[in-house]
Amino acid sequence: MAAAPATSSAPSFSTPTRPASDPSSVRFTRAWGKGATAARARRMSAVRAEAVDASISPTVSALRPSKTMAITDQATALRQAGVPVIGLAAGEPDFDTPASIAEAGMNAIRDGYTRYTPNAGTLELRKAICNKLQEENGISYSPDQVLVSNGAKQCITQAVLAVCSPGDEVLIPAPYWVSYPEMATLAGAAPVILPTNISENFLLSPEILAEKISEKSRLLILCSPSNPTGSVYPKDLLEKIADIVKKHPRLLVLSDEIYEHIIYQPATHTSFASLPGMWERTLTVNGFSKAFAMTGWRLGYLAAPKHFVAACGKIQSQFTSGASSISQKAGLAALNLGYAGGEAVSTMVKAFQERRDYLVNGFKEIPGVKISEPKGAFYLFIDFSSYYGSEVEGFGTISDSESLCIFLLEKAQVALVPGDAFGDDTCVRISYAAALSTLQTAMVKIKEAVALIKPRVAA
């Protein structure tokens, strides 16, 4: 495999030196002589002895940076340098925020609604969230059981920090969103990865869950529809999982439902907290970024029993305080669009489904590729492992998901995310939150690049 070019984000500094021919330099040397040189050496030695301790917390040092963001930043840098890279790494809808939502945000600014809000979020937004959860998800909460934060990611992080202690275990089905294990690490807990299989649509097997639960298990994280696979958990499977969870009084469930509205029929969404006996032990996370194309507004929410929400709110009060007042007005407008986001969201979902169908059909034409057709979200998680071990002239060996993505970035100028970032090195993730015309161009380039890979030679 060809080595990736070495890069460094650390700035390079150089100390300007005075030329030897500079008269002032000569005068300095004559005036102070060798004694001054020795004294200067002693002073420099003392400075070195008193150097600042630049060590980093072991907990933070153990965190891995988001590979999704790293690849997105790399693709952006290449585009700025004039390389026409197609970025299919980030999970960001290409649609504009619906006009009525944007207008609500602008009106908030015009009306001077630009001051701090309550830490937990405005009462009107929390009431609207409670109504949404009751009508769309069949789960009942009061405003003091809802916490509004700066994005769903903050909600999840605070939830993990609030309920996990050092030595606890967090159960995470793989493939997983890149941040889940790092959040567990930040809380001092150990991520325990539960394997799934593409042949079973990457859905967690109840048997695997039962096998992995221990007395240290504190939290099970479920994401449906899933990032990175697009899989949707059917209700009957969630019920089986709930039956296992019930047997372990200490085990809680964090249900990440940020993609719930981006779902393709006949698949349907079930909130885990709506299942019998699960309300008391479920922390439900949702937000506005994906379905409403509001990524930059940074607005999410957590709904859970009051004591969990209060604990998360305590963290938030010392961390960021309340979410943007302007974004909260926009979020209220989003919830007023109607059931499941109304026509605005429905239009986006139809476009996502058209893109999904195009890519699924296109990748089926590439020999050796395995696909689990996504039922929701806007990602394809495709198994390219049949190409591992193959050679490419002028590049080297395709040995894993990362080398494949480097190859596709170099040869096809398409940025994808290696599956190892999600806990499954056999696959790569493709975001189809991009225009169909962009995806069509990317597909042509990917097929041309893959055709350059020489099949493995049997030993």
Exercise. Quick one: side-chain contact (heavy atoms from CB on, under 4.5 Å) partners of P225, sequence neighbours excluded?
Worked result: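 With neighbours one apart ignored, the set is V232, Y259, I263, H269, A377.
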Exercise. Looking at residues at least two apart in the chain, or sitting in another chain, which of them share a side-chain contact (heavy atoms from CB on, under 4.5 Å) with E239?
Worked result: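 Partners of E239 by the side-chain contact (heavy atoms from CB on, under 4.5 Å) criterion, ordered by chain and then number, come out as K235, D236, L275.
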For this session: Tell me, yes or no, whether the heavy-atom count around E280 atom CD, taken from other residues, nucleotides or ligands under 6.0 Å, exceeds 12.
Result: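 Enclosed.
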Exercise. Around Y388, counting heavy atoms of other residues, nucleotides and ligands shown, do more than 12 lie under 6.0 Å from its OH?
Worked result: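 Count over threshold, so yes.
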Problem set entry | side chain to side chain donor-acceptor pair (under 3.5 Å): pairs with one or both residues in residues 169-179, sequence neighbours excluded |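 Output for this query lists E169-S214.
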Taking distance alone, no hydrogens or angles, what donor-acceptor pairs closer than 3.5 Å link side-chain atoms of residues 283-291 to residues at least two apart or in another chain?
unit_1	atom_1	unit_2	atom_2	d
N286	ND2	E257	O	3.3
N286	ND2	E260	OE2	2.8
K290	NZ	G91	O	2.7

Exercise. Hey, are D243 and K246 close enough for a salt bridge, meaning a charged N less than 4.0 Å from a carboxylate O?
Worked result: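 A salt bridge is present here (some side-chain N lies under 4.0 Å from a carboxylate O).
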Problem set entry | Stepwise side-chain contact (heavy atoms from CB on, under 4.5 Å) check, N227 with I258 | CA-CA 10 Å; N227 175 8; I258 189 68; over 6 Å; no
Atom pairs and distances, donor-acceptor, side-chain atoms in residues 359-368, under 3.5 Å, two or more places apart:
unit_1	atom_1	unit_2	atom_2	d
N361	ND2	D357	O	3.1
E365	OE1	K447	NZ	2.4

Exercise. Considering residues at least two apart in sequence or located in another chain, which fulfil the ring-ring contact (aromatic ring centres under 6.0 Å, His included) criterion with Y141?
Worked result: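 Only W279 meet the ring-ring contact (aromatic ring centres under 6.0 Å, His included) criterion with Y141.
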For this session: Please check if any side-chain donor atom of Q316 sits under 3.5 Å from a side-chain acceptor atom of S149, or the reverse.
Result: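 Side-chain D/A pair, Q316 to S149: present.
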Exercise. Is there a donor-acceptor contact under 3.5 Å linking the side chains of D400 and S403?
Worked result: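 Yes, a side-chain donor-acceptor pair sits under 3.5 Å.
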For this session: Compute both the distance and the angle, then confirm whether R429 meets the cation-pi test with F422: under 6.0 Å from the six-membered ring centre, within 45 degrees of the axis.
Result: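 Output no; distance or angle outside limits.
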